[in-house]
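Counting starts at 1 for both ligands and their atoms, in listed order.
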Amino acid sequence: MNNTIQNLKTFYRTPVTPESFFISLEGIEGSGKTTQIKHLEEILKKKGYRVMTLREPGGTEFGEKLREAILKSSMPLHPMAECHLFLASRAQLLKEKILPFLLVPKSVVILDRYIDSTLAYQGKARKLGIQTVLELHRHDPLNLLPHRTYFLDISLETSHERQLKRGQEKDYFESEKTEFYSNLIDGYREMANLFPERILKIDASVSPEAVAKIIDEDLEKVLL
Ligand code: T5A
């Protein structure tokens with residue numbers, strides 16, 4: 001990790017809203033993000049929070065159109081084009097949904113993928129560079145970081161097994177080769193080291209219940 005990357009961290013901020021909370025879930029395909037989000041929604045609602053769950057890319061009318069354009073693209077996009085499409089979706093999501101909802105008292109925004117996906121997928125696996133992606137995010141509103149990020153860490157083998165079980169058609173990224181995925185996993189692990197105060201890396205090869213228990217215990221410590 002060089003100094004320039006460390007310096008770029010100073011352009012980033014977390015929301016200063018005493019009663020609301022911003023959580024993101026990250027990991028490769030099949031890591032169990034959707035599964036854990038359902039659990040998180042339940043326990044946060046039981047605790048009396050208003051919860052808004054969103055996904056990236058998407059979450060707004062404009063963002064859903066971009067999602068379709070990226071994930072259903074029949075031709076390979078230039079990594080920089082790909083990256084800017086994710087950023088466009090994110091900026092609109094922040095403006096329309098995330099920032100207004102965080103002003104609601106006792107609210108939690110749960111996001112299925114956020115900035116760490118771009119750092120790992122476009123920065124590392126597509127080789128744009130972590131520094132480049134951090135530079136692209138350093139301006140408002142993209143410089144807003146979650147209070148907490150759960151990185152569900154699984155191996156490529158586990159990801160393949162879970163996807164085979166599910167038997168879905170492969171999308172744009174799921175057809176990528178092994179090298180892309182091992183860089184991707186490295187990218188996520190690098191992000192967990194770069195942002196240790198925000199990202200909790202969880203071994204997600206265990207049962208969904210065991211993963212949920214780790215998240216529950218952490219939430220007890222970090223929620224106000
Ligand atoms: N992308 C996104 C970028 O490249 N850059 C960006 O900036 C952003 C924001 C989005 C794609 O876009 C890329 C990344 C992605 O390739 P998507 O359709 O939203 O695509 O895909 P994913 O987010 O990857 O969704 P998945 O459904 O594949 O993964 P999940 O949500 O992590 O996994 P989940 O919970 O659906 O579980 C998968 C299966 O595993 C089982 C579940 O029952 C399910 O069948 N499972 C477990 N099995 C055993 N043990 C556990 N602990 C399990 N947890 C779940």
query = Which of the listed options, Gln122, Glu29, Lys33, holds the heavy atom that is closest to atom 32 (O) of ligand 1?
reply = Lys33

ask   = In ligand 1, which numbered atoms sit nearer than 4.0 Å to a non-hydrogen atom of Pro208?
value = 50 (N), 51 (C), 52 (N), 53 (C)

request  = Do me a favour and list the nearest non-hydrogen protein atom to atom 17 (P) of ligand 1 with residue, atom name and distance?
outcome  = Arg67 NH2, 3.4 Å

task = Start with the C-alpha gap between Leu134 and Leu194, add the side-chain angles, then the distance that decides, and say whether side chain to side chain contact (heavy atoms under 4.5 Å, CB included) holds.
result = CA-CA 12 Å; Leu134 281 173; Leu194 180 62; 4.2 Å; yes

Polar side chain donor-acceptor pair, Tyr150 to Ser24, under 3.5 angstrom = no

Distance-only N or O hit between ligand 1 and Phe173, under 3.5 Å = no

remark   = Restricting to heavy atoms, the pick from Thr34, Leu71, Ile28, Thr35 nearest atom 43 (O) of ligand 1 would be Thr35

ask   = Restricting to pairs with a member in residues 61-70, which pass side chain to side chain donor-acceptor pair (under 3.5 Å), not counting sequence neighbours?
value = Arg55-Glu64

task = Answer yes or no: is there an ion pair linking Glu56 with Lys33, defined by an N-O contact shorter than 4.0 Å?
result = no

task = Count the heavy atoms belonging to other residues, nucleotides or ligands that lie under 6.0 Å from NZ of Lys213, then report whether that count exceeds 12.
result = no

inquiry  = Checking contacts here: is it the side chain or the backbone of Ala210 that comes within 4.0 Å of ligand 1, counting heavy atoms only? Could be both or neither.
reply    = neither

Glu29/Arg166 salt bridge by N-O under 4.0 Å criterion = no

query = Would you say Val206 has any N or O atom under 3.5 Å from an N or O of ligand 1, going by distance alone?
reply = yes

inquiry  = Using the ring centroid of each side chain, check whether Tyr121 and Phe86 are separated by less than 6.0 Å.
reply    = no

request  = Please report which non-hydrogen protein atom sits nearest to atom 51 (C) of ligand 1, along with the residue it belongs to and the distance in Å to one decimal place.
outcome  = Arg162 NH2, 3.2 Å

inquiry  = What protein heavy atom lies closest to atom 22 (P) of ligand 1? Include the residue and the distance to one decimal.
reply    = Arg113 NH2, 3.6 Å

message = Between ligand 1 and Glu56, is the shortest N or O to N or O distance under 3.5 Å?
response = no

key: Arg55 touching ligand 1 at heavy-atom level, < 4.0 angstrom   = no

Side-chain (Ser73) to main-chain (Ile70) donor-acceptor, under 3.5 angstrom = no

ask   = For Val211, is at least one N or O under 3.5 Å away from an N or O on ligand 1?
value = no

ask   = With distance as the sole criterion, is a donor-acceptor pair present between the side chains of Thr14 and Arg198 under 3.5 Å?
value = no

request  = State the atoms of ligand 1, each with its element, that fall below the 4.0 Å cut-off from a heavy-atom position in Arg166.
outcome  = 26 (P), 27 (O), 28 (O), 36 (O), 38 (C), 45 (O)

ask   = Does Gly27 come within less than 4.0 angstrom of ligand 1, counting non-hydrogen atoms of the residue?
value = no

Lys97 side chain to Leu54 backbone, donor-acceptor under 3.5 Å = no

task = Run the contact test for Gln36 against ligand 1 with a 4.0 Å cut-off on heavy atoms, strictly below, and give the result.
result = no

request  = Enumerate the atoms of ligand 1 whose separation from the nearest heavy atom of Arg90 is less than 4.0 angstrom.
outcome  = 7 (O), 9 (C)

key: Tyr114, any N or O under 3.5 Å of ligand 1 N or O   = no

